[in-house]
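Everything below concerns the one structure shown next.
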Amino acid sequence: MKIIYKTRATAIGGRSGRTALDDGSMTLDLAPPGSGKVGANPEQLFAMGYAACFDSALHHVARARQLALTGSTTSAEVGIGQQPDGGFRLDIDLHVRIEGLDPATAQDLVAATHQVCPYSNAARNNIDVRLHVSTT
């Protein structure tokens, strides 16, 4: 695989610490869910990245298919749960709103995007991801 881009982030203190991009462009305080502490958690950061990546991949696939996509919004809901063996897993719902396409074409576009998006490819066979598509 030819690497197109690579970035690096460093975390100190786990879910109660800080994380930062090594290039200095972003630093965030972290806080466990429900702790009342100000800060983000890894699931929120994953949701933001997945939503942005999927929406970008959606437009890439639409252009490649020469579809007249006039707009889109992608929301990622990322949950974490404990498995019976004590380990933890993520659970994801992607909500994709498509503008300018009929429902069947929109559904096909989202399914094709799910095969292209790097986050979807990382999650495949490891994280349950449900796709929800709506059109306007």
Side-chain angles (χ1 to χ4, degrees):
M1 174 172 70
K2 179 182 175 186
I3 303 299
I4 299 169
Y5 172 76
K6 197 174 227 182
T7 191
R8 181 177 169 144
T10 300
I12 299 170
R15 289 177 173 271
S16 295
R18 294 179 67 99
T19 190
L21 294 173
D22 286 7
D23 68 5
S25 64
M26 184 179 357
T27 300
L28 295 170
D29 290 325
L30 299 174
S35 69
K37 182 180 170 189
V38 175
N41 64 61
E43 292 73 35
Q44 290 171 317
L45 300 175
F46 191 90
M48 291 170 70
Y50 201 164
C53 189
F54 196 91
D55 205 60
S56 182
L58 184 79
H59 286 267
H60 170 79
V61 174
R63 279 189 305 275
R65 292 181 169 205
Q66 299 180 334
L67 295 174
L69 178 66
T70 58
S72 66
T73 303
T74 300
S75 299
E77 291 181 278
V78 176
I80 187 169
Q82 191 167 16
Q83 300 181 111
D85 67 3
F88 295 89
R89 284 189 67 163
L90 297 178
D91 180 83
I92 300 170
D93 283 278
L94 286 179
H95 298 270
V96 186
R97 186 177 51 81
I98 304 287
E99 297 172 19
L101 300 177
D102 64 84
T105 303
Q107 190 77 37
D108 184 56
L109 174 61
V110 169
T113 300
H114 192 48
Q115 299 304 310
V116 171
C117 174
Y119 275 72
S120 292
N121 285 329
R124 194 168 336 285
N125 299 320
N126 187 38
I127 301 171
D128 292 332
V129 179
R130 288 167 300 281
L131 304 173
H132 308 274
V133 182
S134 62
T135 56
T136 58

Next item on the list: Can you measure from CG (N121) to NE2 (H114) and round to the nearest 0.5 angstrom?
Entry: 8.5 Å

Next item on the list: Can you spot which of L58, T136, T74 makes a side-chain contact (heavy atoms from CB on, under 4.5 Å) with I98?
Entry: L58

Note to self: Using the rule that Ile, Leu, Val, Met, Phe, Trp and Tyr join whenever any side-chain heavy atoms are under 4.5 Å apart, tell me whether F46 and L131 fall into a single cluster.
What the structure shows: yes

Note to self: Quick check for you: to the nearest 0.5 Å, what is the distance between Q107 atom CD and H132 atom NE2?
What the structure shows: 10.5 Å

Margin query: Please check this pair: side chain of R15 against backbone of P33, looking for a donor-acceptor N/O pair closer than 3.5 Å.
Written below: no

Check: Roughly how far, to the nearest 0.5 Å, is the OG1 atom of T19 from the CG atom of N41?
Finding: 12.0 Å

Notebook entry, point to check: Shortest non-hydrogen contact from L30 to G14?
Noted result: CD1-O, 3.3 Å

Next item on the list: Show your working on side-chain contact (heavy atoms from CB on, under 4.5 Å) between T7 and L21 and close with a plain yes or no.
Entry: CA-CA 8 Å; T7 191; L21 294 173; 4.2 Å; yes

Item checked: Within one Ile-Leu-Val-Met-Phe-Trp-Tyr cluster: V38 and L28, side-chain cutoff 4.5 Å -> no

Margin query: Between D102 and T135, is there a side-chain donor-acceptor contact under 3.5 Å, judged purely by atom types and distance?
Written below: no

Check: Would a distance-only check, ignoring hydrogens and angles, find a side-chain to backbone donor-acceptor pair under 3.5 Å from S16 to A31?
Finding: no

Margin query: A quick test of your reading: do over 12 heavy atoms of other residues, nucleotides or ligands sit less than 6.0 Å from CZ of R8?
Written below: no

Notebook entry, point to check: CE of M26 to CG of L45: how many Å apart, nearest 0.5 Å?
Noted result: 8.0 Å

Margin query: Quick check on N125: does its CG atom have over 12 non-hydrogen neighbours (other residues, nucleotides or ligands) under 6.0 Å away?
Written below: no

Next item on the list: Give a yes or no answer on whether the side chain of T113 reaches the backbone of L109 with a donor-acceptor pair at less than 3.5 Å.
Entry: yes

Notebook entry, point to check: Just by distance, do the side chain of Q115 and the backbone of A112 share a donor-acceptor pair under 3.5 Å?
Noted result: no

Item checked: Flag side-chain contact, heavy atom, 4.5 Å: V129 against Y50 -> yes

Note to self: Can you tell me how far apart CG (L69) and NE2 (H60) are? Round to the nearest 0.5 Å.
What the structure shows: 13.5 Å

Notebook entry, point to check: Under 4.5 Å between side-chain heavy atoms, hopping through other hydrophobics if needed: is there a path connecting M48 to L94?
Noted result: no

Check: Would you say the side-chain atoms of T70 pair up with the backbone N or O of E99, donor to acceptor, closer than 3.5 Å?
Finding: yes

Checklist line | Value rounded to 0.5 Å, distance of NE2 in H59 from CZ in F54 | finding: 11.0 Å

Checklist line | Closest non-hydrogen atom pair, R89 against D128 | finding: NH2-N, 4.3 Å

